[in-house]
Amino acid sequence: MNETASNILPINSPVGKPIVDVFPQSVERSVPNAFNGNSVADVVFEEYYPAIDQWLSVSIVPNDETTTIYVDDVTEMKNTQQTVQRLRADSERATIIDSLIGDVLEGLVDATSQDAIMETIREQLGTSDQFQFVWTGEYLVESGELVISGVEGERGQLFTAIRESIEEGRATPEQQAVDEQSPTLIQSLSENKSVPETVRAAGFAEGVQSVFALPLAYGSSVYGVVGVYAGTKAAFSDHVQSSFETLGDLAGYAINATQNRKLLYADTVTEVTFGLDQNSPLVRASKDSEAELTLSGTVTPDDSGLKCFVTVSGSNPEDVLETITAMPETQNGRVIRQTDATHGRIQLTVEGTVPLVVAINRGANIQTARFNGNEGRLVVELSPDANVRSLANALGNSGPAPILARQDKTRSPTTKREFQNELNDRLTDRQATVLRTAYLADYFTSPRGSTAEEVATSLGITGSTLLHHLRASQRKLLDAFYDEHDMSNG
């Protein structure tokens, strides 16, 4: 035994000792087995030895009266090989997942309801050999509960245990995901104490090792959840998790869009008046500023929040703006105009669980919103099949927002001719002539077909007069489209 072998093996003086005492134990026991027969086997192998946490390359070379064993530590090489294999497997898995998610997203385009969107996700992911099974559930805002909407794949007893845990109100990974509005990853299902014991036991029995629970949300609204179960711990790499999170965001957006489409094309809508309390920053600002605040319009929520335009009566707009922007739910703001010391209009951006944001994120079309002292009133339009009670729970703070009035209304669509006639009634003859001439002269195209000076010359007026008429006519055009009392969130 030379010095190199002494550094590798855990024994310094092997003379006179059985070969099983010289070499550490391994799963395959290849070294002792080579000496079990009537003659020593001439073999070469690589094997992992847990006692010394090393991979050894072993060559056993028998001669006439002696046998020589050559040992080499190949741990670093094996670790490199395993890393390469793992990365290659992760890459292949990620490619497959990306393709699956691409198929899901393609299906979302044509989906017309929340049920259809969830079914698309289940069918695409649940039938893939990458996962054991996939289930989806609807989130009930009023109770905070999950209701299973379907399952796809090899469910077995594990899914039964999941369903029973949900019915009994125990904390499954999916419930945690919707409660925290964040994806939940469990990479060792049978050992994770946060998972109900019956689920852990069933997962161990069926060889399911990892779970990824994905909430389907848009803004502050959670619509449902997807539970994905896999047979390996490595099923959800960082790349796969990122891809699933993108899927959750887009699915939440698609669900919200289907609700908005229902409202947009519905002939009959439900108009509901909600009472708002101190949960709304505009209620608090109205009280603190002793001002009446009326929502004049909103712009579709984006990453920065919901832009609100508010008319102020009874207090200095600058003071009201300062009060509102000091609140944690409110970002930047500015005074748009100040008619006098106690009247004007301000712009501000709100975010989070502010009732206005919640209403829009849940597919409501805001009609009016007024805040006066300790209370506020929010009037919205909803599609006929919308869950009014669910929205009331979402708008409230310690309890549901009170429903002050509710009625179904039939909408009469405005035809193109009616819109044109209304616009013509608003425009003076001169404004209509200037606007139509500029339009036909490609003044509004990019690049412009005519300059302001060229259009003005053709009309026999000065450039400043042209711009004056254009601004006035464009304002009337926008007033006709974005009616002063139409609180559409578009």
Side-chain angles (χ1 to χ4, degrees), residues 219-220 271 273-361 364-381 395-397 401-402 404 426 467-468 470-490:
S220 60
E271 183 182 270
T273 301
F274 294 100
L276 301 180
D277 56 18
Q278 298 294 315
N279 187 37
S280 169
L282 290 175
V283 170
R284 301 199 303 272
S286 174
K287 178 182 179 181
D288 294 344
S289 305
E290 297 182 351
E292 180 177 326
L293 307 178
T294 303
L295 188 65
S296 303
T298 63
V299 176
T300 306
D302 55 23
D303 292 339
S304 63
L306 175 68
K307 292 181 179 61
C308 300
F309 298 85
V310 179
T311 299
V312 178
S313 299
S315 187
N316 189 296
E318 287 279 5
D319 296 338
V320 173
L321 181 63
E322 183 178 352
T323 299
I324 294 179
T325 53
M327 296 178 179
E329 308 97 324
T330 308
Q331 298 181 24
N332 49 35
R334 67 187 181 96
V335 174
I336 295 177
R337 69 167 181 260
Q338 184 161 346
T339 308
D340 54 42
T342 60
H343 294 84
R345 177 175 289 187
I346 62 176
Q347 174 188 335
L348 56 108
T349 302
V350 295
E351 59 182 357
T353 57
V354 172
L356 296 178
V357 178
V358 171
I360 291 175
N361 283 345
N365 181 19
I366 299 177
Q367 294 299 292
T368 61
R370 290 186 174 85
F371 310 88
N372 191 1
N374 289 320
E375 64 177 7
R377 293 199 171 197
L378 173 65
V379 181
V380 301
E381 284 184 349
L395 292 176
N397 187 10
L404 305 178
R426 297 186 183 215
L467 295 178
H468 170 76
L470 282 179
R471 279 194 295 269
S473 57
Q474 287 175 45
R475 176 66 194 184
K476 291 180 179 179
L477 172 61
L478 293 173
D479 280 344
F481 190 78
Y482 300 110
D483 188 89
E484 184 73 14
H485 299 292
D486 178 10
M487 305 306 300
S488 171
N489 62 352

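Residue numbers run from 1 in the order of the sequence given.
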Exercise. Using modelled atom types only, decide if a donor and an acceptor are shared between the side chain of Ser315 and the backbone of Ser289 within a distance under 3.5 Å.
Key: yes
Quiz item: Does CD belonging to Glu322 count more than 12 external heavy atoms closer than 6.0 Å?
Solution: no
Practice problem: Report the residues that fulfil side-chain hydrogen bond (donor to acceptor under 3.5 Å, both in side chains) with His343, sequence neighbours left out, ordered by chain and then residue number. | Solution: Asp340
Self-check item: Note, Glu351 side chain near Val357 side chain (heavy atom, < 4.5 Å)
Solution: no
Practice problem: Would you sort out whether Leu306 and Val354 count as a side-chain contact (heavy atoms from CB on, under 4.5 Å), showing the intermediate values? | Solution: CA-CA 10 Å; Leu306 175 68; Val354 172; over 6 Å; no
Quiz item: Is there side-chain contact between Leu348 and Met327, with at least one heavy-atom pair below 4.5 Å?
Solution: no
Quiz item: Backbone N or O of Lys287 within a donor-acceptor pair of the Asn374 side chain at under 3.5 Å?
Solution: no
Quiz item: Is the backbone of Asp277 close enough, under 3.5 Å, to the side chain of Ser280 for a donor and an acceptor to pair up by distance?
Solution: no
Quiz item: Taking Arg370 for the side chain and Thr294 for the main chain, is one N or O donor matched with an acceptor at less than 3.5 Å?
Solution: no
Quiz item: For the side chain of Ser286 and the backbone of Ala291, is there at least one donor-acceptor N/O pair under 3.5 Å apart?
Solution: yes
Practice problem: State which residue, out of Ile324, Leu293, Thr339, fulfils the side-chain contact (heavy atoms from CB on, under 4.5 Å) condition with Val312. | Solution: Leu293
Quiz item: Would you say the side chains of Gln338 and Glu318 form a donor-acceptor pair under 3.5 Å?
Solution: no
Quiz prompt | Option from Asn361, Val380, Leu282 for which side-chain contact (heavy atoms from CB on, under 4.5 Å) with Leu356 holds | solution = Leu282
Quiz item: Would one find more than 12 heavy atoms of other residues, nucleotides or ligands at under 6.0 Å from atom CD of Glu290?
Solution: no
Quiz item: What is the distance from atom CG of Leu470 to atom CG of Leu477, rounded to the nearest 0.5 Å?
Solution: 11.5 Å
